[in-house]
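Computed from heavy atoms alone, side chains included, the values below leave out hydrogens, waters and symmetry copies. Position 1 is the first residue of the sequence; numbering continues from there.
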Amino acid sequence: LWLLLLGSVCGYGQFSVLKNFTVNDGLPSSRIYDMLQDSIGHIWFATENGISRFDGYEFRNYTTDDGLSSNSIVQIQLGKNNRIWIFLYEGGLYFFENDSIYKHWLTDSIKEKHVPFFMKMCDAGQGDYYLSPLTRGFVSFNENTQTFQYFHNSGNNNDKPQPITLFYTDDGEGNFI
C-alpha cells in the first residue's frame with residue numbers, strides 16, 4: 001500500500017503546457033517586437049500590424065481603425081494605473097486606457113524637433129516623465145503642465161548618434177538613473 005501511494009504521488013507532479021499562438025489564433029502579425037503583462041493578467045503584444053491584448057482565451061487587436069496613426073508598434077510599456085504606453089515606429093506616442101486608444105499631446109508638440117521614435121520611458125511621479133529616443137538625447141515632459149524639453153547634443157551632422165538608455169527604479173522618493 002505504501003509503495004502504491006508513493007508511486008501515485010510521484011506520478012502526479014506539476015507540468016507546464018506551452019502553446020504557440022499564430023495569426024491563425026488571432027495575432028495581427030507573427031512578428032512581435034515587444035510584450036508585457038498588465039496588472040490584471042492580460043498579455044499585450046506590439047507588432048508590425050498593431051497592438052494586441054490576450055485575455056487567456058482570445059486576442060483583441062487595435063489598429064489605425066481604433067485611433068493609431070500607424071500599425072507599426074515598436075514598444076509598449078506599462079505605466080502607473082495600468083496605462084499601456086504605445087510607441088510607434090514613426091515616432092508617435094499613444095496610450096491605452098479605459099478600453100480606448102488616445103494620441104498623446106507630446107506627439108504633435110515634438111514633431112517639429114524631428115525626434116525619432118522613443119525606445120523607453122520612465123514615470124518619475126507627479127506628472128514628470130522621461131523618454132529615450134532612438135538616436136540621441138532624451139525628452140522630459142510634464143503631464144500636468146503639458147510642457148516638454150528635448151535634451152541633445154548640438155554638434156554638427158557628423159556626430160554619431162548617442163542614444164541614452166533610461167533605467168528607472170522607484171525608491172519611494174522619485175529618484176531615477
[X] side chain near [Y] side chain, heavy-atom distance below 4.5 Å:
| X | Y | answer |
| --- | --- | --- |
| Thr64 | Ser69 | no |
| Phe45 | Phe21 | no |
| Phe59 | Asp25 | yes |
| Asp34 | Val74 | no |
| Tyr62 | Asp99 | yes |
| Trp44 | Ile51 | yes |
| Thr22 | Leu27 | no |
| Ile86 | Leu93 | no |

| message | Using the rule given for side-chain contact (heavy atoms from CB on, under 4.5 Å), can you reason through Gln77 versus Ile84, listing the C-alpha separation, both sets of side-chain angles and the distance that settles it, and then say yes or no? | response | CA-CA 6 Å; Gln77 189 169 329; Ile84 306 293; over 6 Å; no
| query | Should the heavy atoms of other residues, nucleotides or ligands under 6.0 Å from CZ of Arg60 be counted, would the total exceed 12? | reply |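 Above 12, so yes.
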| Partner set under side-chain contact (heavy atoms from CB on, under 4.5 Å) for Thr63, not counting sequence neighbours |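 Result, side-chain contact (heavy atoms from CB on, under 4.5 Å) vs Thr63: Asp65, Asp66, Asn71.
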| Which atom pair, heavy atoms only, marks the closest approach of Pro28 to Val23? |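 That would be C-CG1, 4.1 Å.
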| Just by distance, do the side chain of Asn98 and the backbone of Ser100 share a donor-acceptor pair under 3.5 Å? |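 Absent.
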| Is there a donor-acceptor contact under 3.5 Å from the side chain of Asn49 to the main chain of Ser72? |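 Side chain of Asn49 to backbone of Ser72, a donor-acceptor pair under 3.5 Å: no, none is there.
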| message | Would you say Asn82 and Ser39 are linked by a side-chain donor-acceptor pair, where the criterion is simply a distance under 3.5 Å? | response |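 On atom types as modelled, these side chains qualify, holding a pair under 3.5 Å.
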Any link between [X] and [Y] through a network of hydrophobic side chains (Ile, Leu, Val, Met, Phe, Trp, Tyr) touching at under 4.5 Å?
| X | Y | value |
| --- | --- | --- |
| Leu36 | Ile73 | yes |
| Met35 | Phe96 | no |
| Ile76 | Leu78 | yes |

| request: Show your working on side-chain contact (heavy atoms from CB on, under 4.5 Å) between Glu48 and Tyr89 and close with a plain yes or no. | output: CA-CA 9 Å; Glu48 65 185 356; Tyr89 177 76; over 6 Å; no
| What's the verdict on side chain to side chain donor-acceptor pair (under 3.5 Å) for Asn142 and Thr147, showing C-alpha distance, side-chain angles and the deciding distance? | CA-CA 6 Å; Asn142 184 284; Thr147 56; 5.4 Å; no
| Taking only residues two or more places apart in sequence, or in another chain, which ones meet Trp85 in a ring-ring contact (aromatic ring centres under 6.0 Å, His included)? |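 With neighbours one apart ignored, the set is Phe95, His104, Tyr129.
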| When rounded to the nearest 0.5 angstrom, what is the spacing between OG in Ser29 and CG in Asn61? |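 Ser29 atom OG to Asn61 atom CG measures 10.0 Å (nearest 0.5 Å).
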| said: His42 vs Phe54, test: side-chain contact (heavy atoms from CB on, under 4.5 Å). Steps then yes/no. | reply: CA-CA 6 Å; His42 293 145; Phe54 183 64; over 6 Å; no
| request: Could you walk me through whether Asp38 and Arg83 pass salt bridge (charged side-chain N to carboxylate O under 4.0 Å, His left out), step by step? | output: CA-CA 9 Å; Asp38 66 20; Arg83 177 183 276 187; over 6 Å; no
| query | Between Ile43 and Asp55, is a side-chain contact (heavy atoms from CB on, under 4.5 Å) present by the stated rule, with each step listed? | reply | CA-CA 7 Å; Ile43 307 292; Asp55 64 6; over 6 Å; no
